[in-house]
Structures are given as structure tokens and as C-alpha cells.
Number of protein chains: 2
Amino acid sequence: MEQKRSDIIANQIEELIFDGTFSDGERLDEVQLSERFAVSRTPIREALLRLAQSGLVAHYPRRGVFVRQPGPIELIEMFEVMAELEATCARLAATRISDAAIDELKATNARCNAAVQDSDTERYYRENEQFHAILYRESGNSFLEQECLRLQRRLQPFRRTQLRLRGRLKQSMKEHEQIVSALVEGDGQAASDTIRSHVAVQGEKFHHLMSRLKTAAE
Amino acid sequence: MEQKRSDIIANQIEELIFDGTFSDGERLDEVQLSERFAVSRTPIREALLRLAQSGLVAHYPRRGVFVRQPGPIELIEMFEVMAELEATCARLAATRISDAAIDELKATNARCNAAVQDSDTERYYRENEQFHAILYRESGNSFLEQECLRLQRRLQPFRRTQLRLRGRLKQSMKEHEQIVSALVEGDGQAASDTIRSHVAVQGEKFHHLMSRLKTAAE
DNA sequence: AATATCCCTGTTGTATACAAAAAAGTTGAC
DNA sequence: GTCAACTTTTTTGTATACAACAGGGATATT
């Protein structure tokens, strides 16, 4: 299952948007991109169409594609949906999760903690995402899992800034442990509620996200 | 905001899959399609790529695209997610819905009933979908609304067969009214629970869906 | 007869060529 | 000098041409 060139290009353009090379509202010129990637316009167009479908760029027919970063309102909305989807995963997982997966969660949490000790933020992000990914899988619903992974990927850059909030790391780790405990006890309601507030943007997290958006816009 | 030719073609191909012209597993030949629609392969390819992203066809690189109807397990999974998304909509709507929207829901329900009286199933389907669409909108979360509409569209053909279950129409209408009542009283929990079981595939609905799938496969 | 290799055909993926529409630039009128 | 209409240029959307790969079948070898 090798991927096409246009798929690779789509991921690379996505990366360029995430790391700020292409900023919000900027027009993505097909010819320029085709020169940059040393291919013809065809695979570039296919890549851009894919990104347009995922919502990362807006495609105005006969006018071009433009980078489309979510504004504050849309971001809150997306986090709200993410929180609900993950809450559903947790609730379902509470009755469906396997013992092996519980161990996996604990091990991932341990690696998270280790990363915090080593101040290895990059590794922390990875392990944190892994923790959530395990939950998606243990929902026992592959479709739900895929949807969660899709949205997680889309929110990834913003979730990362969220974790930079002072003291958030420790709090986040504690919540992870609460989630695992709830799952062990099969308490779907508790697991669900905990992860919902774990993911949702509210209180101090809200203000932090807003200020992050402002500085990113300059 | 006019749409491109490839968008129109994508919708038409989608229709052809829904109405059974192209059956599950069938390979969609780019040249044949380009002849059928009297265009070149380019817009056909763009349409197929879009359908592949939405999950309606599977795209195996260098081998072609194949119609990919969800199997029983995936269908149940999709309905489970749909039920959860709609439950979330209802819970949020309970605190956010406007009086005007309540009236809209009641009016739509009335038209639903009228359609039942006239045995106008097509109109019933439309009004039913409209009822749910209003709920999505009144969640006050545009992103959630879009996700719901996307999944609703994908499940549309299967939801319709669901409603053919004997006595299901009357039961469905009663549930609609219960949902409206719960919203009027601002009882998010009740609205949420009611719509979850309204949408979910369980009990008798499960067997009905299974038998439908079997006959459709022949 | 069975199997492996090679060639041929068909199909996808990519590049290029062309058409149509929008944006930009220029000229002219007031 | 400003604004409007026309022309030029740029850019997207579509068609066609070409290249690379996969699949099938024929042939040859064991």
C-alpha cells in the first residue's frame, strides 16, 4: 500500500502550513508549488483538493486555494467536538477495554512521565497523543477511532500550545491517571466526564488559547 | 460560489452508487466514466479522489478505485457515532436553542405527520432529515453541525431503509415529539438520551438492517 | 502437464497543451 | 486627477499526450 506522490505532497504542504511557512489567508499558487516540489501542476492540484476536503485550505472555484486557519470560534467548536468524541470513546471503552490495553495505557503514561522528567517535550507530545489514540482504539468502534484520529491530527498544533500552559502538564498527567482508574473500575460515566473536561477548552485554558492565537497572528 | 464540474460529477457518481447502478466491490473505470459523462479523465479523477476521501470508494494506488459499501459492522459503528453526535447536539441545543427554532421543529414535525397521512414517503424522508438538521444547527456549534450533516448524508440510504420497518414511522414521530418536549423544558439529559436511542441501531432495528443488507447483496 | 518467464495490453499517474475566466494594467473620457 | 471601459496577462479548469506499472496470457523449459 504505497502512497501516491500527490499524497506525499499533501502531507508536506500540510506541514508547511502547520510550521507557519504558509500563513493564514495566503494564496497557494499551483505553479509556484509545482516548481518547489519539482513536479507538474497535476499532483499539486490533487494534493490541494485533498487539503480543501480536510478543511485546511479553502478552495474558491476559478480563484484559487487559500490557507484557512480556524478562527477562535471555530477552534473552540472543534475542541468541543473533540471532547465529546473522546468522551464517547471513554464511555464505550469502559465496558470494552482489554486488560492488555489497560497495561498499554499505564505504560504510555509512565513514558509520558519520563519525558516530563527529561524535559523532552517532543516525546511528551508523542506519548500523550499515543495515550489518546489507545483510548480511541479501545472504544471498539473503528469508525469512531478513525474520526477521532482525523480530528486529533487537525487539532494537533493547537493541542500542543495548550500544553505549554504553566502547570498544565502536571494537571494533565493527573487526569490521565484518573481516566485509567475509571476504566479499571468500569465506570464509564467518570471516565467520560474526566476526559471531556481534560480535552475541552474552558476556564484558564480558554484565555491561554486566545492569547496564543493573537501572538500567532502577528 | 459555483461548483466545478468535478464536484457535480462526484455527486452524480455518488448517486449512481446509492441507487445501485454501481454495486459493492465494482471497479470504477476512469475511461468508461469519462465517456459516460462526456468529459476527459481529469475531472473524473478529481471526483473519484473526493469520493475516496469521503469513504464511499476505496482507492488502491495504481490499481483503481472500487465501490466500497460499508459492511454490517461498519454500518453499526457509523450509526453508533451518528447517535452520539446527535445526542451531543441535543444536549447542547437544550440550553442554546431559540424559540423560533422550537417552532421550526414543531412545524417540521407537523409536515412530517402530514406526509405520513398522504403516504408521501419521499416527502417524509425530507422532512425527517430537516428535523434532524435543525437540531444540528441549534447545537450552536457550526463545526459539529457540518460533521453531522456529512455523516447524515453518508448514512442517508440506510436510514431510509430503517424507516421502512413496520410501525417504525409512528414510533419515530413520537420520539420526535419527546425530543421537542425535552428541549422546551431545557432538559438536556432527556433530549440527549431520547435522540441517542432514536438514532442508534438496536433491538428490532438491528435485525431489520441486517436482513436489508442481505437482500441488497443479492 | 505444470510452472516460470517474458511480452503484450490495459490502466493509472504525471506532464504538457489548450481554453476560459478572473485579475491587473492601460488608455481614454470627463 | 479620477473613474470607467478595454486590453493584456495571469491563473485556473479541462483535454490530451506520454510514461510507468500491473495483470494476463502465451511460450518455452523441465
Side-chain angles (χ1 to χ4, degrees), chain A residues 1-17 20-69 150 153, chain B residues 1-18 20-70 150 153:
Chain A
M1 188 178 121
E2 355 156 22
Q3 49 186 352
K4 294 189 306 177
R5 189 121 54 143
S6 62
D7 286 339
I8 300 167
I9 290 172
N11 289 335
Q12 290 186 349
I13 294 177
E14 195 173 80
E15 203 52 49
L16 289 173
I17 293 174
T21 307
F22 298 126
S23 47
D24 189 32
E26 190 172 342
R27 178 168 149 275
L28 297 179
D29 190 275
E30 295 181 357
V31 208
Q32 281 178 28
L33 287 172
S34 67
E35 286 164 2
R36 176 193 271 260
F37 289 103
V39 293
S40 78
R41 275 177 54 219
T42 312
I44 297 289
R45 278 181 65 82
E46 290 186 356
L48 290 178
L49 285 173
R50 205 185 94 177
L51 294 180
Q53 280 239 312
S54 77
L56 209 68
V57 301
H59 180 100
Y60 303 106
R62 294 217 173 265
R63 312 206 37 188
V65 301
F66 299 81
V67 177
R68 187 185 158 288
Q69 292 285 19
R150 204 169 53 89
R153 181 171 170 74
Chain B
M1 187 177 124
E2 357 155 19
Q3 48 186 354
K4 293 190 306 179
R5 190 123 53 147
S6 61
D7 286 340
I8 301 167
I9 290 172
N11 290 335
Q12 291 186 350
I13 295 177
E14 195 173 80
E15 203 52 47
L16 290 173
I17 293 174
F18 284 161
T21 307
F22 298 127
S23 48
D24 189 32
E26 189 171 343
R27 178 168 149 274
L28 297 180
D29 190 277
E30 295 180 358
V31 197
Q32 281 178 29
L33 285 172
S34 68
E35 286 164 2
R36 177 193 272 258
F37 290 104
V39 293
S40 78
R41 274 177 55 218
T42 312
I44 297 289
R45 276 182 65 82
E46 291 185 355
L48 291 178
L49 284 173
R50 206 185 92 178
L51 294 180
Q53 281 241 310
S54 77
L56 208 68
V57 301
H59 179 102
Y60 304 105
R62 296 215 173 264
R63 311 201 42 182
V65 300
F66 299 81
V67 177
R68 185 187 159 284
Q69 292 285 20
R150 203 168 53 90
R153 181 172 170 73

Which residues pass the side chain to side chain donor-acceptor pair (under 3.5 Å) test with Arg63(A), not counting sequence neighbours? none
Length of the CG-C1' vector between Leu48(A) and dT14(C), whole Å: 16 Å
Walk me through it: do Gln53(B) and Leu49(B) pass the test side chain to side chain contact (heavy atoms under 4.5 Å, CB included)? CA-CA 6 Å; Gln53(B) 281 241 310; Leu49(B) 284 173; 5.9 Å; no
Within the supplied structure, the quantity of interest is the number of heavy atoms (other residues, nucleotides, ligands) at a distance under 6.0 Å from Phe18(B) CZ; does it exceed 12? yes
Does a salt bridge link Arg45(B) with Glu46(A), judged by any charged N lying under 4.0 Å from a carboxylate O? yes
Integer-rounded Å distance: dA15(C) C1' and Glu35(A) CD: 14 Å
Between the CG atom in Leu48(A) and the CG atom in Leu33(A), the distance rounded to the nearest 0.5 Å is 6.0 Å
When rounded to whole Å, the CD to P distance for the pair Glu46(B) and dT14(C) reads 14 Å
Can you tell me how far P of dA15(D) sits from CG of Leu33(B), to the nearest Å? 14 Å
Compare side-chain N and O positions of Arg5(A) against OP1 and OP2 of dT14(C) and report whether any pair is under 4.0 Å apart. yes
Does Arg41(B) reach the main-chain N or O of Ser34(B) with its side chain, forming a donor-acceptor pair under 3.5 Å? no
Would you please name every residue forming a side chain to side chain donor-acceptor pair (under 3.5 Å) with Arg27(A), sequence neighbours left out? Asp29(A)
Examine dT11(C): is either OP1 or OP2 under 4.0 Å from a nitrogen or oxygen in the side chain of His59(B)? Give yes or no. no
Ser40(B), nearest nucleotide to its side chain (from dG13(C), dA15(D), dA22(C)): dA15(D)
Closest-nucleotide mapping onto DNA chain C: is Leu28(B) or Arg41(A) further toward the 5' terminus? I mean the 5' end. Leu28(B)
Starting at atom CZ of Arg45(A), determine the distance to atom C1' of dA15(C), rounded to an integer number of angstrom. 14 Å
Let me have the donor-acceptor pairs involving side chains of residues 9-17 of chain A, under 3.5 Å, with sequence neighbours excluded, atom names and distances please.
unit_1, atom_1, unit_2, atom_2, d
Asn11(A), OD1, Arg50(A), NH2, 3.0
Glu14(A), OE1, Arg153(A), NE, 3.1
Glu14(A), OE1, Arg153(A), NH2, 2.3

Which angle, rounded to 10°, do you find between the first-five-pair axis and the last-five-pair axis of the helix from dA1(C)-dT30(D) to dC30(C)-dG1(D)? 10°
Taking only residues two or more places apart in sequence or in another chain, which ones pass side-chain contact (heavy atoms from CB on, under 4.5 Å) with Ser23(B)? Glu26(B)
Can you check the Ile44(B) CD1 to dG13(D) P distance for me, whole Å? 16 Å
From CD1 of Ile8(A) across to P of dG13(C) the rounded distance in Å is 13 Å
If I take atom CG in residue Leu49(B) and atom C1' in nucleotide dT12(C), what distance separates them, rounded to the nearest angstrom? 11 Å
For nucleotides 6-11 of chain D, just jot down a letter per nucleotide in 5' to 3' order: B, S or -, based on protein non-hydrogen atoms under 4.0 Å. -----S
